[in-house]
Amino acid sequence: MKKLLLLVFLFPLSISAQEYVDLFRIGYGQTLNNNFKDSDSNTNVEFFDVGFTFPLVLNENHALITGADFSFNKVQLFPKSEFSNLYSTNLKLGMASTWSEKWSTTIVLLPKVASDYHDISSDDFFLGAFALLKLKKNENFTYRFGFYGSQEAFGLFTTPILGWYYLSPNTRFEMDMSLPIAADVSYKLGATTVGIDYFGIGRSYNVHYENIKTLYADLSSLEFASYLQFNALQESVLLRAKIGYSTNKYEMYADGEKIDLGLSAFSFGDNRTQLNPTLSGGVFLKLEAIYRFHIK
């Protein structure tokens, strides 16, 4: 599956049944030995991400959503080339509203700058947005339906969002599903939690080379992981160690080569010429820390 968007920082605000908000998240990891197709060369992928979300309560039914996310990837984009540093910084501005005991909505704008941050220009600026409708079935279960759209270097990408949130009556078992973007299933064992998760990542970055026309990296990756989490300070600080597998595809294209439309896992009108060999997936390790604010 290609070009799935990572919106993990936003989903905690989108769930009526949850009684917490993840205000801050930071993570660092590496994917090991990604091989270039038909080549004896390989590369590791180093990645770092940090994000915060700050809701401003306007009244009992509406809250303004503000925040920002930053990500950094270090990878060889061509066999035996120098490592490239790819950055993405996006702001979050939106509104979370409760309309009744059952219905609520979240709408967020996501402007971002994504490139190697050499000679930053308006070409490195992209605009995205998502909208989510939540239906609270009962105190433990909430449906969610939504839509995401984003301008990228390769063109327009969109995807529907279908999912649910479930918390068992004893608060030990939790399912947080936002497909095809993210999924998280966990079970709490007192001070520790064990779980499995999935993230679909899709981003693009403009890459500048001397005496060469600007290229862009089209990143699409599916990440599957299991994790062990330590719950500290009355479950306000979560420390998580993860191991999993990531497909990690960094495809390089000339600036101006676009698709007609990206819709979830499908690309329409994709006649682009890929300039680098395809990267294989690899095992990844990651450490994460989360600051969680409990509403009750």
| task | State, to 0.1 Å, how close Ser204 and Ala153 come at their nearest heavy-atom pair, and which atoms those are. | result | OG-N, 3.0 Å
| query | Just wondering, more than 12 heavy atoms not from Asn271 lying within 6.0 Å of its CG? | reply | no
| task | Could you pull out the closest heavy-atom pair between Val207 and Ala217, with the gap in Å? | result | CG2-N, 4.2 Å
| salt bridge (Lys or Arg N to Asp or Glu O under 4.0 Å) between Arg25 and Asp49, intermediate numbers included | CA-CA 8 Å; Arg25 179 188 296 260; Asp49 50 66; over 6 Å; no
| request: Go through the steps to decide whether Glu235 and Lys188 satisfy the test salt bridge (Lys or Arg N to Asp or Glu O under 4.0 Å), and finish with yes or no. | output: CA-CA 11 Å; Glu235 301 183 9; Lys188 185 162 55 177; 3.2 Å; yes
| request: Have a look at Tyr165 and tell me which of Lys134, Arg144, Glu174 forms a side chain to side chain donor-acceptor pair (under 3.5 Å) with it. | output: Glu174
| Should the ring pair Tyr143 and Phe141 be called parallel, tilted or perpendicular, given that the plane angle runs from 0 to 90° and is split at 30 and 60? | perpendicular
| Can you list the steps and then say if Tyr245 with Phe224 is a ring pair (Phe, Tyr, Trp, His ring centres under 6.0 Å)? | CA-CA 5 Å; Tyr245 182 85; Phe224 304 88; 7.8 Å; no
| message | Is there a path of hydrophobic side-chain contacts, each under 4.5 Å between heavy atoms, that joins Leu64 and Phe54? | response | yes
| request: Could you tell me whether Phe48 and Tyr28 have their ring centroids closer than 6.0 angstrom? | output: no
| request: Kindly indicate whether a cation-pi arrangement holds for Lys74 with Phe83, taking the cut-offs as under 6.0 Å to the six-membered ring centre and within 45° of the axis. | output: yes
| Criterion salt bridge (Lys or Arg N to Asp or Glu O under 4.0 Å) on Glu101 and Lys136, from CA distance to verdict | CA-CA 7 Å; Glu101 291 185 0; Lys136 185 176 180 179; over 6 Å; no
| task | Run the numbers on Arg240 and Glu288 for salt bridge (Lys or Arg N to Asp or Glu O under 4.0 Å), then give the verdict. | result | CA-CA 5 Å; Arg240 185 178 293 175; Glu288 292 181 337; 3.5 Å; yes
| message | To check you understand the geometry: which heavy-atom pair defines the closest contact between Phe36 and Gln76, and what is its length? | response | CZ-O, 3.3 Å
| remark: Scanning both residues in full, the closest heavy-atom pair of Lys286 with Gly27 reads CE-CA, 4.0 Å
| said: By the definition side-chain contact (heavy atoms from CB on, under 4.5 Å), identify the one residue from Asn85, Asn206, Asp123 that meets it with Ser115. | reply: Asn206
| request: Test Met252 against Tyr250 for side-chain contact (heavy atoms from CB on, under 4.5 Å), laying out the working first. | output: CA-CA 7 Å; Met252 297 297 295; Tyr250 289 83; 5.7 Å; no
| query | What residue among Tyr87, Tyr205, Phe72 forms ring-ring contact (aromatic ring centres under 6.0 Å, His included) with Tyr117? | reply | Tyr87
| Steps toward side-chain hydrogen bond (donor to acceptor under 3.5 Å, both in side chains) verdict (Ser104, Trp99) | CA-CA 5 Å; Ser104 58; Trp99 303 105; over 6 Å; no
| task | Mind listing the closest non-hydrogen atom pair of Asp22 and Arg292 along with its distance? | result | OD1-NE, 2.6 Å
| query | What heavy-atom pair brings Asn248 and Val45 nearest, and what distance separates the two atoms? | reply | ND2-CG2, 3.7 Å
